[in-house]
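A, B, ... follow the sequence lines: proteins, then strands. Residue 1 opens every chain.
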Amino acid sequence: MIHSSLKALSAALASRQISSVELSTLFLDRIDRLNPEINAFVTVDREKTLAMARAADARIAAGNAGPLTGIPIAQKDIFCAEGWLTTCGSRMLSNFVSPYDATVIRKMHAEAGMVSLGKTNMDEFAMGSSNETSYFGSVKNPWDRSRVPGGSSGGSAAAIAARMAPAATGTDTGGSIRQPAGLCNLTGLKPTYGVVSRYGMIAFASSLDQGGPMAGSAEDCALLLNTMVGFDERDSTSLDRPAEDYARDLDKPLAGLRIGLPKEFFGEGCDAKVMAAVQSAIDEYRKLGATIVDVSLPNSHLSVPAYYVIAPAEASSNLSRFDGVRYGYRAPEYGNLDDMYAKTRAQGFGGEVKRRILIGTYVLSHGYYDAYYLQAQRIRRLIANDFVEAFKTCDVILGPTSPSTAFKLGEKSADPVQMYLSDIYTIAVNLAGLPGMSLPCGFVDGLPVGMQLIGNYFDEARLLNVAHRYQQVCDWHLRRPDGID
Amino acid sequence: MNQWEVVIGLETHAQLATVSKIFSGASTAFGADANTQACAVDLALPGVLPVLNKKAVDCAIRFGLAIGAKVAPKSVFARKNYFYPDLPKGYQISQFELPVVVGGQISFPVGSGEKAYEKQVKLTRAHLEEDAGKSLHEDFQGQSGIDLNRAGTPLLEIVTEPDMRSSDEAVAYARTLHALVRWIGICDGNMQEGSFRCDANVSVRRPGQPFGTRREIKNLNSFRFLKEAIDYEVQWQINEIEEGRAIQQATVLFDPDTGETRTMRTKEDAHDYRYFPDPDLLPLVIGADWIARVQGELPELPAQKRERFINELGLSAYDASTLTASQEIADYFESTVAVAGKASAKPCANWVMVDLAARLNKEGLEIAASPVSAAQLGGLIARIADTTISNNIAKKVFEALWTGEGASADEIIEKQGLKQITDTGAIEKLVDEVLAANPGNVAEFRAGKEKAFNALVGQVMKAAKGKANPQQVNDLLRQKLAG
C-alpha cells in the first residue's frame with residue numbers, strides 16, 4: 001500500500017479496502033520510524049492528522065467524497081495551516097502557529113478532503129538548493145543518506161522518496177520543486193505563474209514563487225494539481241481562468257509532438273553521465289513518435305545573475321515583516337528599538353537568508369537600482385522572449401533538471417555560487433513564469449537523474465501528458481531506494 | 001522681510017472615506033478598541049497578500065476629475081521600505097514613479113476686501129497609499145504599545161508645485177482643498193482625527209533667484225498650526241541666512257505649545273526607502289469607461305458653482321466663495337433662492353451669510369441642523385421682496401421661525417398681524433396725527449434740523465406699531481412738511 005499511486009489509494013479508499021485512518025496511520029508510523037534519521041518532517045501532529053482522516057472517512061461513508069478525499073499528503077512548511085506550527089524552516093518562525101489556512105491548504109483540506117501528515121523541512125524561507133539552510137537541520141536523501149535531497153522543497157522530496165508520504169506540496173521560486181524531485185527520483189510540477197494561489201504561502205520572491213505538486217508520477221501530479229489551482233480573490237496575481245482537468249490528456253499519443261532541445265542546456269557544465277541519461281530519454285520520445293528539434297535560448301546564461309538580483313530584492317522587502325514586534329522570534333535581550341531589530345534579525349535568520357537580504361537591499365539602494373534591479377528586469381524580459389521564440393518551433397522543451405545528481409551534504413555549503421549553479425536549468429522558467437516539471441529518467445552510480453520538461457503558458461496538461469506517456473514505457477519513477485521498508 | 005520671497009509647497013494626506021481598508025477587508029471606522037480593526041493582512045502575518053479596494057481608486061479618480069488633472073491609464077504601486085513598529089510589513093505600499101493622478105490645479109481667492117486676489121496653485125500629483133498604525137508611548141511600563149487599527153487606511157497624498165508665496169496663500173489653498181475633498185465626498189475632513197493633514201515644504205529666496213533649500217514641516221493638523229508653523233519657519237530661515245548660516249535640507253516638527261519648529265532629521269540621516277514596484281499587485285489600469293462612470297457620479301464642483309453664482313445670480317466673487325465653502329451651505333443657499341426667486345439672490349446671500357450664520361454660530365449649530373429651513377427662509381425673503389413686511393419686521397419673523405412659533409413666514413405674519421401697512425390713506429392719517437401732536441419737531445425741521453425729521457418718522461412708525469411701509473412714511477412726511 002505504501003508504494004501505491006494516488007489513483008490506487010483512491011480506489012482502495014472508495015472500495016473500503018482501507019480507511020483513511022488506517023492509511024494515515026500507516027504513513028504516520030513510517031514517519032515515526034524513518035523521520036529521526038531522514039529529518040524530512042519538522043512537525044507531525046498525529047491527533048490533528050487522525051481527526052482529518054476520521055472526517056474524510058465520514059465523507060467517504062456519506063458518499064460525497066472527491067477523488068482525493070482521505071489521501072494523506074505532506075505539506076511543505078511554507079504553507080500556513082491553521083493551528084499548525086508554520087516555521088518556513090527558520091528560527092524566526094520557530095514559534096509561529098498560523099491562525100489561518102493558506103488557500104492551497106484550505107482547498108486540500110476543506111474542498112478535497114485530503115489529510116495532512118505534517119509539515120516538511122525546507123531551506124530557510126525557501127532559500128537554498130540542498131535543504132542545508134534549514135534551522136531544523138539538514139535532510140538526508142533516502143537514496144544515499146550522506147547526500148542532500150535538493151532544495152528548497154527537500155523535506156517534501158525526501159518524505160515521498162522514503163515513502164513517509166505518497167505525495168507532498170512544494171514551492172518553486174528558482175527550481176525548488178523540480179531540483180529536489182530530480183535528486184530524489186520524483187515527479188514534480190511548477191505551474192504557470194498565477195495558476196496556484198500564493199495566499200498563505202510565505203513569500204520568498206513574490207514574482208517568482210509558485211506552489212505545485214510533488215509525487216511519484218505525472219498522473220498523481222495531475223490529480224493533485226486539480227485540487228490546488230483556481231482563481232483566488234485574495235491573491236491579486238492569481239489568474240481568473242476557466243477550470244480544466246489536468247488529467248484529461250494524460251493518455252494522448254505523442255505522435256507529431258515537437259520536442260525542443262535548447263543547445264544551451266546540452267553544452268558544458270553538465271555531468272556527462274547525467275547527459276547520457278537524458279539522451280536515452282530523448283531516444284524513448286523518438287520511439288513514442290515525437291519529433292526532436294533544436295532550439296536556442298540565447299540569454300539563458302544570464303538567468304542565474306538576473307535571478308540573484310530579482311529574487312533577493314523582493315526577498316529583502318518580503319522578509320522585513322519579521323521584526324520581532326508582532327509574532328515570531330524576538331531576541332531575549334536588547335537595548336533600544338534598533339537594537340531589538342538588529343539582535344532579533346541577527347539571531348532569527350540564518351546565514352543564507354542574511355546574505356540574500358544584504359544582496360537585495362544593495363541592489364535596491366539609491367544609485368544601484370538602475371544598474372542592478374532595472375537591468376535584471378530587462379534581462380528577465382529577454383529570457384521570456386527567448387521562450388516565446390523557441391515555442392514557435394516546438395511544443396515542449398526538454399533538458400536536464402540539474403547539472404549533476406545529488407551532491408554530498410556539506411559539499412557546496414561553503415560556496416554559494418556553486419550552490420546557485422545547481423539551479424542553472426530551472427531558474428529561467430521562473431523568470432519567464434512558465435510551467436516546468438521534472439521526472440525521473442535514469443540513474444548514475446545509484447543516484448536518480450531528473451529530466452526537465454518546460455511548457456508554454458498554461459500548457460500543464462500537455463506537460464503531464466508528455467511525462468505520463470514516458471512513464472508508461474519506463475519504470476524509473478517506480479524504483480525505490482534501498483532500506484526504506 | 002520685503003526683500004525675501006517665501007516659497008511653499010504642500011503635501012496633504014487626505015484619508016479616503018471608504019468603508020474598508022485599501023488592501024484588506026477590515027473596517028476603517030475611527031475610535032474602535034486598539035487592534036480590533038486589524039485583520040491578518042493588516043497585521044502582516046506571514047503569507048498574506050494585499051488586494052486593492054476599488055472604492056479607493058474611485059476616490060482618486062473623483063479627485064483627479066475635480067481638479068482637471070490627468071487620471072493615469074496605468075499607475076503602479078510601489079513598496080517604500082523602512083522599519084518602524086507601527087509599519088507591520090516593514091514597507092508601506094504607496095505609488096512612486098507612476099501615480100494615479102498627474103497635474104491639475106486649484107484656484108481660490110486669498111484675502112478679502114480690496115486686497116483680495118485670485119490665486120492658482122498647480123498640483124504635481126496625487127497618489128494612493130496606505131496609512132501606518134499608531135505607536136502608543138504611555139501606560140506601557142517603559143515599553144511602547146502598537147495599535148494597528150489605522151494601518152492600511154487609504155490615503156490620497158496630494159502634492160502641489162512650490163507655487164505659494166505666503167502662509168496666507170498656503171492656508172487658503174489648504175482650506176479650499178479641504179472643502180473640495182469633502183464636497184466630492186472622498187474625505188470627511190476631520191482634522192482632529194487626522195483625516196486631513198498637511199506637510200509644508202518651506203524655503204526663502206531673494207526675488208528672481210533660484211529656489212532656496214527647503215525644510216519640510218511634518219504633520220500639521222489644523223489651519224492655525226499651518227499658518228503659525230510656516231510663519232515661524234520663514235522667520236527662522238531668514239534669520240539663519242542673514243546671520244550667515246546656510247539652510248540644511250531637513251524634516252522638522254512644529255510644536256504648537258512653543259510655536260516653534262525643531263529639526264527631526266537632516267538629509268544625511270534621511271532614509272533610503274528602496275522603492276520598487278510591489279510584485280504582489282498588478283499595475284492599476286484605469287480605462288475610459290471607469291473614468292466615465294466616476295464622472296457621471298460627480299456633483300457640480302465648488303468652482304463651477306461659484307462661477308454660476310457670479311454669472312447667473314449676480315453675486316460678488318466674495319459672496320460666491322463664501323456660499324460655496326461647503327456643499328451644505330451651497331445647498332441651503334440654492335434652496336433658499338429657489339423659494340425666494342432669483343431676483344432675491346443677493347438678499348438670500350445676505351440672510352444666509354449674515355443673519356442665519358450669526359444665529360447658527362450663537363447656538364453652535366451646523367447649517368444642516370438649522371431650525372429654520374431653507375424653504376422657510378426663502379418664504380420670508382419673498383415677503384420682503386413683495387413688500388409684505390419690512391426688513392425690521394422680517395428679523396422678528398425670522399426669530400419666530402427659529403423658535404418654532406409658526407410653520408412659515410406667512411403664517412407668522414398673519415397670526416401676529418405683522419403685515420406692512422401700505423394703504424396711503426391709512427398712513428396719511430397717522431402722519432397727520434403725528435404732525436398735529438408734535439409742533440415742536442415740525443418747527444425744528446423747518447428751521448433746518450434734519451434730526452427732527454427722523455424723530456417724526458419714529459413717531460409715525462411707533463403709531464403704526466412698526467408695520468407702516470417706511471418708504472411711504474418718508475414720502476408722505478416730506479410732502480406734508482414741504483406743503
Side-chain angles (χ1 to χ4, degrees), chain A residues 78-80 86-88 90 92-93 96 98-103 125 197-203 205-209 232-238 310 313-314 316-328 337-338 340-341 345 360-369 373-374 377, chain B residues 22-25 35 38-54 77-93 96-97 133 135 137 142-148 151 267 269-285:
Chain A
I78 199 168
F79 289 100
C80 286
T86 300
T87 71
C88 222
S90 181
M92 190 59 93
L93 290 176
F96 177 70
S98 176
Y100 78 103
D101 274 342
T103 298
F125 287 105
S197 168
R198 293 187 296 114
Y199 187 77
M201 198 177 100
I202 299 173
S206 311
S207 73
L208 301 161
D209 296 342
D232 183 3
E233 60 181 16
R234 289 195 175 97
D235 176 0
S236 307
T237 62
S238 154
I310 293 167
E314 294 181 9
S316 70
S317 177
N318 283 334
L319 270 58
S320 292
R321 68 187 59 198
F322 305 115
D323 58 6
V325 173
R326 299 169 313 289
Y327 52 78
L337 176 65
D338 283 341
M340 192 278 280
Y341 284 146
R345 289 167 67 84
T361 303
Y362 180 80
V363 300
L364 290 176
S365 296
H366 185 72
Y368 298 95
Y369 179 83
Y373 184 79
L374 283 187
Q377 293 291 6
Chain B
I22 185 166
F23 298 117
S24 84
N35 296 311
C39 68
V41 173
D42 305 323
L43 292 171
L45 290 185
V48 297
L49 296 170
V51 176
L52 178 61
N53 179 350
K54 296 268 194 322
F77 287 99
R79 294 184 182 179
K80 180 181 181 179
N81 294 284
Y82 65 97
F83 284 99
Y84 203 69
D86 61 20
L87 187 72
K89 293 188 292 295
Y91 58 85
Q92 177 196 30
I93 304 176
F96 186 54
E97 284 181 338
S135 295
H137 298 297
Q143 298 194 301
S144 291
I146 305 293
D147 178 4
L148 295 177
K267 200 184 178 188
D269 44 46
H271 291 293
D272 179 353
Y273 290 117
R274 291 173 283 119
Y275 281 101
F276 75 107
D278 191 333
D280 287 332
L281 291 160
L282 303 175
L284 172 57
V285 175

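Contacts of Leu337(A) with chain B are made by side-chain atoms alone, with heavy-atom separations under 4.5 Å and no backbone atom involved. For Phe79(A), no part lies near chain B; criterion is any non-hydrogen pair under 4.5 Å. Contacts of Tyr341(A) with chain B are made by side-chain atoms alone, with heavy-atom separations under 4.5 Å and no backbone atom involved. With a 4.5 Å cut-off on non-hydrogen atoms, Asp338(A) does not touch chain B at all. Only the side chain of Phe96(A) comes within less than 4.5 Å of a heavy atom of chain B; its backbone N, CA, C and O stay farther away. When heavy atoms are compared at a cutoff of 4.5 Å, Asp280(B) approaches chain A by way of both its backbone and its side chain. The parts of Thr361(A) that come within reach of chain B are both its backbone and its side chain, each placing non-hydrogen atoms under 4.5 angstrom from that chain.
Here the closest heavy-atom approach between residue Ser236(A) and residue Leu282(B) is recorded as O-CD1, 3.3 Å. Across all their heavy atoms, Leu43(B) and Tyr327(A) have their closest contact at O-CE2, 4.0 Å. Of all heavy-atom pairs between Lys89(B) and Ser320(A), the closest is O-CB, 3.5 Å.
By the side-chain contact (heavy atoms from CB on, under 4.5 Å) test, Ala78(B) is found to be paired with Phe96(B), Tyr275(B), residues two or more places apart in sequence or in another chain being considered. Partners of Ala205(A) under the side-chain contact (heavy atoms from CB on, under 4.5 Å) rule, at least two apart in sequence or in another chain, are Thr173(A), Leu208(A), Asp209(A), Ala311(A), Glu314(A).
Contacts with chain A were tallied for Ser24(B), Pro279(B), Gly90(B); Pro279(B) has the most, counting heavy-atom pairs under 4.5 Å. Each of Ser144(B), Pro85(B), Pro50(B), Gly25(B) has some count of heavy-atom pairs under 4.5 Å with chain A, and the biggest count is that of Pro85(B). By number of non-hydrogen pairs under 4.5 angstrom with chain B, the leading residue of Val363(A), Asp235(A), Ile78(A) is Asp235(A). Per-residue heavy-atom pair counts under 4.5 Å with chain B were compared for Asp323(A), Asn318(A), Leu374(A), and the maximum is reached by Asn318(A).
Distance check: Tyr273(B) OH to His366(A) NE2 gives 13.5 Å after rounding to the nearest 0.5 Å. Here the OG1 atom belonging to Thr237(A) is positioned 6.5 Å from the CG atom belonging to Leu49(B), to the nearest 0.5 angstrom.
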With side-chain contact (heavy atoms from CB on, under 4.5 Å) as the criterion, how do Gln377(A) and Phe276(B) come out once you've worked through the C-alpha distance, each side chain's angles and the decisive distance to 0.1 Å? CA-CA 11 Å; Gln377(A) 293 291 6; Phe276(B) 75 107; over 6 Å; no
Which is it for Tyr100(A) and Val48(B) under the side-chain contact (heavy atoms from CB on, under 4.5 Å) test, yes or no, and what are the steps along the way? CA-CA 10 Å; Tyr100(A) 78 103; Val48(B) 297; 3.5 Å; yes
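Partner of Arg326(A) under the side chain to side chain contact (heavy atoms under 4.5 Å, CB included) criterion, out of Asn35(B), Leu148(B), Leu45(B): Leu148(B) alone.
Around atom NE2 of His271(B), more than 12 heavy atoms belonging to other residues, nucleotides or ligands sit under 6.0 Å away.
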